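Residues: numbered from 1 along the sequence shown. No experiment lies behind these values; they were computed from the predicted model shown. Note that these values count all heavy atoms, side chains included, but never hydrogens, waters or copies made by symmetry.
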Amino acid sequence: MKTRQQGLNLIELMVTLAVLAILLGLGVPSFYNSMQNNRSTALANELITAANFARSEAVKRGVCVDLCASEDGKTCSGKWTDGWIVRLVDDKKEVLRIWDPPRKGAVILLDGNAGGGLRFAPLGDLAVFDANNPTTCSTRASNPAVITSYFDKCQGRQARKINIAVSGRISVNRVECP
């Protein structure tokens, strides 16, 4: 008469646990890397969305439009990690849209040309952002704007570099973390 095995013996259980530990050891770092890449992509996409919105509103309305950091949702003040706004460049400075602060640990760096923000002229090209003269956009930008975004503990090519040409064209590249 044959007897059927009713469970696992100790050796089979230990082998199963060892295989599981190896798979988890390989999978968890890869999963963390994927999460960081997805966060960086989402942050860059939010910034690109804001820039495209500001540019399209400038063209649609035939006026200058700012994209700038805002801690209060009304003025161009604070850091980019406080959130950002798109507003008209006129005496009223009407805010068209507000973006909430990004997830904790976000880093957003703008080059010197776009240090305070971005200003789009009525034809969709970049104008010089001048916080001291917030109602004009007569001076066209001479250099493209570059925004670098990533999260704390960035490794490898998880950072994103957003290039905004003088013409207003926007592109994004994956770059090495600073």
Side-chain angles (χ1 to χ4, degrees), residues 23-59 64-87 89 95-121 123-131 134 137 139-178:
L23 289 176
L24 283 174
L26 295 173
V28 170
S30 177
F31 180 70
Y32 179 76
N33 191 31
S34 293
M35 280 181 26
Q36 286 292 85
N37 271 325
N38 289 341
R39 286 179 181 157
S40 290
T41 300
L43 178 59
N45 287 342
E46 283 293 312
L47 291 163
I48 291 167
T49 298
N52 279 326
F53 177 73
R55 183 177 186 220
S56 69
E57 287 296 316
V59 172
C64 292
V65 176
D66 282 343
L67 166 61
C68 57
S70 179
E71 62 187 351
D72 60 6
K74 297 175 186 168
T75 60
C76 289
S77 60
K79 302 176 297 231
W80 285 89
T81 53
D82 295 331
W84 50 89
I85 60 172
V86 170
R87 72 174 189 177
V89 178
V95 175
L96 302 175
R97 186 159 175 205
I98 301 169
W99 274 262
D100 291 329
R103 166 183 228 115
K104 186 178 178 185
V107 178
I108 301 170
L109 305 170
L110 279 73
D111 70 355
N113 187 46
L118 300 171
R119 183 168 287 173
F120 291 94
L123 294 178
D125 52 335
L126 278 179
V128 174
F129 182 88
D130 184 2
C137 67
T139 308
R140 299 293 183 250
S142 57
N143 296 316
V146 178
I147 304 169
T148 305
S149 64
Y150 58 93
F151 279 87
D152 290 342
K153 300 179 183 173
C154 183
Q155 299 173 0
R157 295 177 51 86
Q158 291 177 343
R160 302 296 186 270
K161 186 168 281 199
I162 302 165
N163 299 299
I164 304 172
V166 175
S167 65
R169 183 179 173 275
I170 301 168
S171 63
V172 65
N173 297 310
R174 184 183 285 203
V175 296
E176 290 290 327
C177 297

May I ask you to test the S77-D72 pair for a side-chain heavy-atom distance under 4.5 Å? yes
Sequence neighbours excluded - side-chain hydrogen bond (donor to acceptor under 3.5 Å, both in side chains) pairs with any residue from residues 150-162: N33-Q158, T41-R160
Rounding to 0.5 Å, atoms CD1 (I48) and CG (L43) come to a distance of 9.5 Å
Do any side-chain atoms of residues 163-177 form donor-acceptor pairs under 3.5 angstrom with protein atoms, and if so which ones, sequence neighbours left out?
none

What one should report as the nearest heavy-atom pair of R39 and F151 is O-CE1, 3.3 Å
Between A159 and P178, the two heavy atoms sitting closest are CB-CD, 4.4 Å
Would you say the side chain of I85 lies within less than 4.5 Å of the side chain of C68, judging by non-hydrogen atoms? yes
Distance col, row R87:CZ vs L67:CG, nearest 0.5 angstrom, shows 11.0 Å
Exercise: identify the closest heavy-atom pair between V65 and E57: CG2-C, 4.0 Å
side-chain hydrogen bond (donor to acceptor under 3.5 Å, both in side chains) against S149, all qualifying residues, sequence neighbours excluded: none
For D82, enumerate each residue passing the side-chain contact (heavy atoms from CB on, under 4.5 Å) test, keeping only those at least two apart in sequence or located in another chain. E71, K79
Suppose we screen for salt bridge (charged side-chain N to carboxylate O under 4.0 Å, His left out). Which residues come up paired with R140, at least two apart in sequence or across chains? D125
Rounded to the nearest 0.5 Å, what separates atom CD1 in I162 from atom CG in D111? 11.5 Å
Test of understanding: with side-chain contact (heavy atoms from CB on, under 4.5 Å), list the residues that count as partners of E46, not counting sequence neighbours. W84, W99
R55 (side chain) donor-acceptor with G124 (main chain) under 3.5 angstrom: yes
To the nearest 0.5 Å, tell me how far I147 CD1 sits from I108 CD1. 8.0 Å
